[in-house]
Amino acid sequence: MKIRTEKESDFVAVNDLLLATFEGEGEAKLVSALREKASPIISLVAELHDEIVGHIMFSPVKITGHEDFKIMGLAPVSVLPEHQNKGIGAALINEGLNKCRELGFLAVVLLGHAAYYPRFGFKQSTKFGLICPFDGVPPECYMAMELIPGSLNEVSGQIHYHPAFSEL
Ligand SMILES: CC(C)(COP(=O)(O)OP(=O)(O)OC[C@H]1O[C@@H](n2cnc3c(N)ncnc32)[C@H](O)[C@@H]1OP(=O)(O)O)[C@@H](O)C(=O)NCCC(=O)NCCS
């Protein structure tokens with residue numbers, strides 16, 4: 001299994017993966033919109049025997065009052081149902097976090113399963129004073145991680161996503 005940067009020739013396979021993994025077309029549309037409109041993005045695929053079996057995307061978010069702070073939002077991440085629970089999601093997340101660090105980002109936020117992401121170092125975002133912008137999210141499901149220890153010490157506030165997220 002190989003993790004690599006997504007290429008234009010992967011777009012159809014990634015779209016099919018997103019449609020197979022999530023209910024509805026929201027995530028597939030979101031990924032297409034972010035590819036076009038957000039910058040920089042990190043978009044990685046997991047390839048197994050020439051098949052795309054997983055995908056992850058990171059796009060920049062902003063913290064109110066700290067608009068220059070370099071922070072990424074992880075969304076979405078997906079692994080084809082028949083390939084889940086084999087460590088592919090973990091490999092995508094770890095490689096994605098490395099790429100975020102390489103690009104000089106200082107932290108990452110995400111909305112996800114509270115039982116899954118703490119193993120990568122994510123903690124409830126409110127511990128860092130970062131506020132989820134979405135309604136009705138259980139606080140333990142909105143999480144943040146420092147890519148450089150202490151990077152979130154001096155910043156707090158509400159997170160703002162790219163407008164493409166409001167169409168989800
Ligand atoms: C979440 C997801 C990306 C994980 O990928 P994966 O390759 O199956 O994950 P890994 O093999 O690295 O890790 C498996 C672990 O994830 C846990 N996990 C998977 N889905 C979970 C869920 N919905 N809630 C809690 N834990 C979950 C498994 O229980 C397993 O835990 P264990 O190691 O303690 O047994 C994958 O399950 C997926 O695509 N789910 C559907 C899409 C989705 O919900 N994406 C996240 C929101 S954007």
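When a ligand or atom number is given, it counts from 1 through the structure's own listing order.
Judged purely by atom type and a 3.5 angstrom limit, His113 has no side-chain atom pairing as donor or acceptor with the backbone of Ala115. Between the Lys70 side chain and the Leu103 main chain, a donor and an acceptor come within less than 3.5 Å of each other. Checking side-chain atoms of Ser151 against main-chain N and O of Leu106 turns up a donor-acceptor pair under 3.5 Å. In this structure, the side chain of Thr64 engages the main chain of Gln158 through a donor-acceptor pair within 3.5 Å.
Atom-to-atom distance recorded for Ile52:CD1 and His83:NE2 is 11.5 Å, nearest 0.5 angstrom. Here the CD1-CD distance, from Ile42 to Glu6, works out to 12.5 Å after rounding to the nearest 0.5 Å. If you take CD on Glu27 and CG on Leu19, they are separated by 9.5 Å, rounding to the nearest 0.5 Å.
Atom 35 (O) of ligand 1 lies below 4.0 Å from none of the non-hydrogen atoms of the protein. Distance check for atom 2 (C) of ligand 1: every protein heavy atom is found at 4.0 Å or beyond. In this structure, atom 30 (C) of ligand 1 has a protein heavy-atom contact shorter than 4.0 Å.
Listed by chain and residue number, nothing satisfies the side chain to side chain donor-acceptor pair (under 3.5 Å) test with Glu51 (two or more places apart in sequence, or in another chain). Every residue two or more places apart in sequence or in another chain was checked for a ring-ring contact (aromatic ring centres under 6.0 Å, His included) with Phe11, and none qualifies.
Between Leu111 and ligand 1, a contact under 3.5 Å exists for no N or O pair. Residue Pro76 has no nitrogen or oxygen atom sitting less than 3.5 Å from a nitrogen or oxygen atom of ligand 1, judged on distance alone. For ligand 1, the polar-atom distance check finds an N/O of Tyr116 within less than 3.5 Å of one of the ligand's N/O atoms. Considering backbone and side-chain atoms alike, Ala115 places every N or O at 3.5 Å or more from each N or O of ligand 1. Among the atoms of Phe22, none of the N or O lies under 3.5 angstrom from an N or O of ligand 1. Distances between N or O atoms of Asn85 and those of ligand 1 include at least one value under 3.5 Å.
The aromatic rings of Tyr116 and Phe120 sit perpendicular, their planes meeting at an angle over 60°, well past the 30° parallel limit. Ring geometry for Phe165 against Phe134 counts as tilted: the plane angle lies between 30° and 60°, on a 0 to 90° scale.
Of all protein heavy atoms, the one closest to atom 39 (O) of ligand 1 is Val79 N, 2.8 Å. From the protein, the heavy atom lying nearest to atom 21 (C) of ligand 1 is His113 CD2, 3.7 Å. Nearest to atom 11 (O) of ligand 1 among the protein's heavy atoms is Gly87 N, 2.6 Å. Scanning all protein heavy atoms for the shortest distance to atom 48 (S) of ligand 1 gives Val77 N, 3.7 Å.
By the criterion of a heavy-atom distance under 4.0 Å, the backbone of Lys86, and not its side chain, is placed next to ligand 1. Here Gln84 has heavy atoms under 4.0 Å from ligand 1 in both its backbone and its side chain. With a 4.0 Å cut-off on non-hydrogen atoms, Arg119 touches ligand 1 through its side chain and not its backbone. Neither the backbone nor the side chain of Phe120 comes within contact range of ligand 1; no heavy atom lies under 4.0 Å.
For ligand 1, the atoms sitting less than 4.0 Å from at least one non-hydrogen atom of Ala90 are 12 (O), numbered in the order shown with element in parentheses. Less than 4.0 angstrom separates some heavy atom of Tyr117 from each of these atoms of ligand 1: 46 (C). Close approach to Thr21 involves these atoms of ligand 1, each under 4.0 Å from a residue heavy atom: 39 (O), 41 (C), 42 (C).
Between Gly89, Cys141, Gly54, Gly112, it is Gly89 that holds the heavy atom closest to atom 5 (O) of ligand 1.
A pairwise comparison of heavy atoms in Pro76 and Leu30 identifies CD-CD2, 4.4 Å as the closest pair. Between Ile71 and Val108 the shortest heavy-atom distance is CG1-N, 4.2 Å.
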